[in-house]
> 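Starting off with a structure, shown below.
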Amino acid sequence: MPQIFKHLSVMQMALLFCLGSLAGTWLGVFLCRRLAHERIHGRRNANEMIGLTLASFSTLYGILLGLLAVEAYQDFSAVADVVSKEALTIAALHRDFDGFPQPTSSELQEKLRSYALEAVEAVHPPPDVRRQAHSRSPGLTALFDQVMNFQPKLKSQEMVQAETFSRLNTLVEHRRYLIAAGDSGIPKELWWVMCLGGFLLLGLVIIFDMELHVHLILSGAIALFMGSVVFLIAAMDNPFNGGMTVDSGPIESVLQTFETPR
């Protein structure tokens with residue numbers, strides 16, 4: 001997604017795409033109405049040919065928008081699923097840490113709680129902070145260091161340490177996936193094609209020859225719907241920066257269980 005859209009709220013993005021496409025289309029209708037009537041429809045009514053071209057073009061463009069919307073939704077859902085798995089791994093680690101002797105157990109659980117808070121802040125950072133989800137994690141590094149430096153004295157402690165390493169590695173895998181998801185998205189080339197197609201589609205609508213009020217109603221409906229679909233794609237294109245963000249509820253629920261006295 002273009003950088004200019006990444007730090008907009010959902011409402012700002014909706015207004016930008018929907019009202020922007022509507023205003024641009026109506027402005028084009030008023031500016032090009034007389035020119036289109038004189039140059040295109042002056043000698044012969046070209047509405048039939050424009051209509052056939054518009055029908056074919058809108059079908060192809062609708063397929064493109066549909067595929068991009070499905071891709072954006074699947075990526076968004078996959079990220080939300082990984083966030084849920086991350087929360088489950090954190091909960092399992094909290095239970096595994098009970099197998100370490102004191103004070104190591106309490107120290108590890110406190111560091112895990114700090115990491116969980118860090119993960120929540122990564123998904124929903126403060127509003128004045130530029131969103132850069134799941135960057136380097138001091139909390140995860142501290143967990144690895146303490147588990148690695150622990151010297152087990154019992155066979156059971158060796159088993160707990162091995163299981164802890166396995167879960168920590170799983171947590172790293174989830175984190176790396178989220179880093180990749182935050183940095184990826186729909187390629188800019190596809191965005192250029194989508195924008196070009198939108199301009200061409202609205203251009204064909206603008207040069208139709210019909211009564212002004214009917215022209216405004218029909219062109220406005222097409223512009224609003226196209227703008228809303230593009231808004232939906234843009235909002236889900238990056239699950240951490242602007243637009244629709246993934247829910248940190250699973251991690252927050254795990255944090256509540258940490259704070260409950262046992």
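The chain is numbered in sequence order, starting from 1.
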> Are V172 and L168 close enough, and set up right, to give a side-chain contact (heavy atoms from CB on, under 4.5 Å), and what steps lead you there?
CA-CA 6 Å; V172 170; L168 284 175; 5.6 Å; no
> Among side-chain atoms of Y177 and E86, is any donor-acceptor pair under 3.5 angstrom?
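No donor-acceptor contact under 3.5 Å links the two side chains.
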> Measure the spacing between OG of S219 and CE of M210 and express it to the nearest 0.5 Å.
8.0 Å
> Given L108 and V147, is the side-chain contact (heavy atoms from CB on, under 4.5 Å) satisfied, shown in steps?
CA-CA 8 Å; L108 286 172; V147 174; 3.8 Å; yes
> Evaluate the criterion salt bridge (Lys or Arg N to Asp or Glu O under 4.0 Å) for residue pair E173 and R176; output intermediate values, then yes/no.
CA-CA 5 Å; E173 292 176 4; R176 293 308 304 174; over 6 Å; no
> Same hydrophobic cluster for W26 and F17, using side-chain heavy-atom links shorter than 4.5 Å among ILVMFWY?
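No; F17 is not reachable from W26 via cluster members.
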> Return the minimal non-hydrogen interatomic distance between I251 and A116, and the atom names on each side.
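For I251 versus A116, the nearest heavy atoms are CG2-O, 3.7 Å.
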> Indicate yes or no: at least one non-hydrogen side-chain atom of F30 is less than 4.5 angstrom from one of L212.
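Yes. Closest side-chain heavy atoms under 4.5 Å.
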> M159: what forms a side chain to side chain contact (heavy atoms under 4.5 Å, CB included) with it, not counting sequence neighbours?
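M159 satisfies side chain to side chain contact (heavy atoms under 4.5 Å, CB included) with no other residue.
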> Can you list the residues that meet the ring-ring contact (aromatic ring centres under 6.0 Å, His included) rule with Y61, with sequence neighbours excluded?
none
> Would you indicate whether the side-chain heavy atoms of N169 and F144 approach each other to under 4.5 Å?
yes
> According to side-chain hydrogen bond (donor to acceptor under 3.5 Å, both in side chains), who are the partners of S58, at least two apart in sequence or on a separate chain?
none
> Can you tell me how far apart OG1 (T104) and CD (Q151) are? Round to the nearest 0.5 Å.
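Atom-to-atom, T104:OG1 and Q151:CD are 11.0 Å apart.
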> Identify whether I207 and L200 are in the same connected component of the hydrophobic contact network (ILVMFWY, side-chain heavy atoms under 4.5 Å).
yes
> Which atom names give the shortest non-hydrogen contact between S105 and F97, and what distance separates them?
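The answer is OG-O, 2.7 Å.
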> Test side-chain contact (heavy atoms from CB on, under 4.5 Å) on F208 and L54 and set out the steps.
CA-CA 10 Å; F208 253 105; L54 180 61; 3.5 Å; yes
> With sequence neighbours excluded, give me every side chain to side chain donor-acceptor pair (under 3.5 Å) pair touching residues 138-150.
E107-Q146, K111-Q146
> Same hydrophobic cluster for Y73 and L64, using side-chain heavy-atom links shorter than 4.5 Å among ILVMFWY?
yes
> Output the distance between atom OG (S253) and atom CD1 (I90), rounded to the nearest 0.5 Å.
11.5 Å
> On a heavy-atom basis, which atom in R167 and which in A92 lie closest, and how many Å separate them?
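Looking at all heavy atoms of both residues, the closest pair is NH1-CB, 3.5 Å.
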> I need the L201 CG to T53 OG1 distance, nearest 0.5 Å.
12.0 Å
> Would a single hydrophobic cluster contain both I222 and L60, if residues Ile, Leu, Val, Met, Phe, Trp and Tyr are joined by side-chain heavy-atom contacts under 4.5 Å?
no
> Which residue pairs pass the salt bridge (Lys or Arg N to Asp or Glu O under 4.0 Å) test with at least one member in residues 71-81, sequence neighbours excluded?
D81-K85
> Quick check against the 3.5 Å criterion: does T257 have a side-chain atom that pairs as donor or acceptor with the backbone of V254?
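Checking the backbone N and O of V254 against the side chain of T257, a donor-acceptor pair under 3.5 Å is found.
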> Just checking, is any N or O donor in the side chain of E110 or S106 under 3.5 Å from an acceptor N or O on the other one?
no
> Taking all heavy atoms of D96 and all of V160, pick out the closest pair and write down the distance.
O-CG1, 3.4 Å
> Got a sec, which pairs hit salt bridge (Lys or Arg N to Asp or Glu O under 4.0 Å) with one end in residues 9-28, sequence neighbours left out?
none
> Ignoring hydrogens, what is the shortest heavy-atom contact between L202 and M226? Give both atom names and the distance.
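That closest heavy-atom pairing would be CD1-CE, 3.5 Å.
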> Where do A223 and T25 come nearest, in terms of heavy atoms and distance?
CB-OG1, 3.4 Å
> Whether the side chain of S228 engages the backbone of F225 through a donor-acceptor N/O pair (distance < 3.5 Å, no angle test) should be reported.
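Here the side-chain-to-backbone pair exists.
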> Determine, using the 4.5 Å side-chain heavy-atom cutoff (strictly less than), whether V83 and L88 are members of one ILVMFWY cluster.
no
> Just verifying a value: how many Å separate F199 CZ and S21 OG, rounded to the nearest 0.5 Å?
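Rounded to the nearest 0.5 Å, the CZ-OG separation comes to 10.0 Å.
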> Say whether, by atom type as modelled, one donor and one acceptor occur between the side chain of H94 and the main chain of R113 under 3.5 angstrom.
no
> Does E189 reach the side chain of V193, with side-chain heavy atoms less than 4.5 Å apart?
no
> Atom CG of L93 and atom CG of L112: how far apart are they, to the nearest 0.5 Å?
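L93 atom CG to L112 atom CG measures 5.5 Å (nearest 0.5 Å).
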> Could you check whether any side-chain N or O of S84 sits under 3.5 Å from a backbone N or O of A80, counting only pairs where one atom can act as donor and the other as acceptor?
yes
